[in-house]
There are 2 protein chains.
Amino acid sequence: MSSKNDSRQNILSVATRLFHLQGYHATGLNQILKESGAPKGSLYYHFPNGKEQLAIEAVKRMDALIKNDIVSSLEKYESAIEAIQIHIQKIAADFTNDEKLECVPIGILVAETAQISESIRETCKAAVEGWEELYCSKLIGDGFEPDLAKKLGVTINSMIEGAVTRSLINKDSQPLQQLAECIPVLLKR
Amino acid sequence: MSSKNDSRQNILSVATRLFHLQGYHATGLNQILKESGAPKGSLYYHFPNGKEQLAIEAVKRMDALIKNDIVSSLEKYESAIEAIQIHIQKIAADFTNDEKLECVPIGILVAETAQISESIRETCKAAVEGWEELYCSKLIGDGFEPDLAKKLGVTINSMIEGAVTRSLINKDSQPLQQLAECIPVLLKR
DNA sequence: GTCTATACTCCGATAGAC
DNA sequence: GTCTATCGGAGTATAGAC
């Protein structure tokens, strides 16, 4: 049972990193197998539904890690503006670190697979909605109107996703840093 | 010469639409060929560098169309806030229209191909920087500080890209609409 | 439960007839 | 210039030995 879990976890861990770095279609099962050292039969034993199941479980894994990051950033500062700004700066700092996951992969994965897998899309939707809820709650706790806070929660998440993608285009975290600098202007009342 | 152009343009037009809808890896040359009615040899005659060249020219095509949309939206209103808000509402309205292109595909294409093609990345970078410049100029023309306007130009573009991706996750333009509603709050001075 | 060998499809790309 | 036939390899998935 422990070896079963080890093997499974190992495959999933490698798959999560590769889907995040390269996207869904660019990541082949053979590459996952090669990097994890597992044989092909093992992958299909642990993930009978193949690549799609692997992607879904990878998204859930990313969700847990990212949610954790958001919570830990937001609880560090009372002011919502300050907390969100620091959160984005942290993402910028982690930008070049392959071990850290940020919210891009989710959007990219959906864009890539929207036409072939409803279940991947739904898994991603649930994850993203959870993050938005966290931003929303923080804003409400800091005195924002609930209605506006809800829209802003969605928008803040979009901003971050867009800025990470934009940083990817530049191969540089500057767009993320610029977003962080804009936050006090954007959210001031 | 006219037939040469027709065939070339036809292939490029189909490729542009498919790359936009499905991304780079999900779009096969065979699908492009099938939908355009052209034979494979014809594709390699017009685009000797194959898929990569096709993607680069498709991005340039998207760039021209999108730039045109941005200019035409922004020149309709004197107020930068109003103009940008209307622009985003237009993107939301076009969201379900396959014939209209918005800025998502650029970010997705880069994310998908970042590790395999520097030239696709550079082409996308040039395109996005042009759009940001348009937003920036509009803001400066409306009295924003040049330094802030530059950061906001980048950020506005990221917001839109993120919101289109988010709308893709929802299969619904609501996130884009919510972004549009937030614009007056976000950009007010 | 673990692993190997292999099936089958589709990919991007090329060669060469016309 | 246009089109067909085909290559070599990579893709996902499966069958079955151990």
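Computed from a predicted model, the values in this text were never measured in an experiment.
A:Leu18 pairs by the side chain to side chain contact (heavy atoms under 4.5 Å, CB included) definition with A:Val14, A:Gln22, A:Thr27, A:Gln31, A:Ile32, A:Glu35, not counting sequence neighbours. Under the salt bridge (charged side-chain N to carboxylate O under 4.0 Å, His left out) criterion, B:Lys34 pairs with no residue at all, not counting sequence neighbours. Partners of B:Glu129 according to the salt bridge (charged side-chain N to carboxylate O under 4.0 Å, His left out) rule, which considers only residues two or more places apart in sequence or in another chain, are B:Lys125.
Atom pair B:Arg8:CZ and D:dT2:C1' shows a separation of 16 Å (rounding to whole Å applied). Taking atom CD1 of residue B:Ile116 and atom C1' of nucleotide C:dG12, one finds them 12 Å apart after rounding to whole Å. B:Leu33 places its CG atom 12 Å from the C1' atom of C:dA13, with the value rounded to the nearest Å. Rounded to an integer number of Å, the gap from OH of A:Tyr45 to P of C:dT4 is 17 Å. The CZ atom of B:Phe47 sits 15 Å away from the C1' atom of D:dG1 (whole-angstrom rounding). Taking atom CG on A:Leu43 and atom P on C:dC3, their separation rounds to 13 Å, with Å as the unit. Atom CD1 of B:Ile32 and atom P of C:dG12 are 8 Å apart (whole Å).
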>> Across nucleotides 4-18 of chain D, 5' to 3', mark each nucleotide with B, S or - according to how protein heavy atoms within less than 4.0 Å reach it.
In response: B------SBBB----
Donor-acceptor pairs are to be reported for all side-chain atoms of residues 55-67 of chain A against protein atoms at under 3.5 Å, with residues two or more places apart or in another chain.
residue : atom : partner  : partner atom : Å
A:Glu57 : OE1  : A:Arg8   : NH2          : 2.3
A:Glu57 : OE2  : A:Arg8   : NH2          : 3.1
A:Glu57 : OE2  : A:Gln53  : NE2          : 3.1
A:Asp63 : OD1  : A:Trp131 : NE1          : 2.9

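By the 6.0 Å contact criterion, CG on B:Asp147 is open, its count of non-hydrogen atoms from other residues, nucleotides or ligands being 12 or less.
Applying the side-chain hydrogen bond (donor to acceptor under 3.5 Å, both in side chains) test to pairs two or more places apart or on separate chains, those with a residue in residues 177-189 of chain A are A:Ser173-A:Gln177, A:Glu181-B:Lys151.
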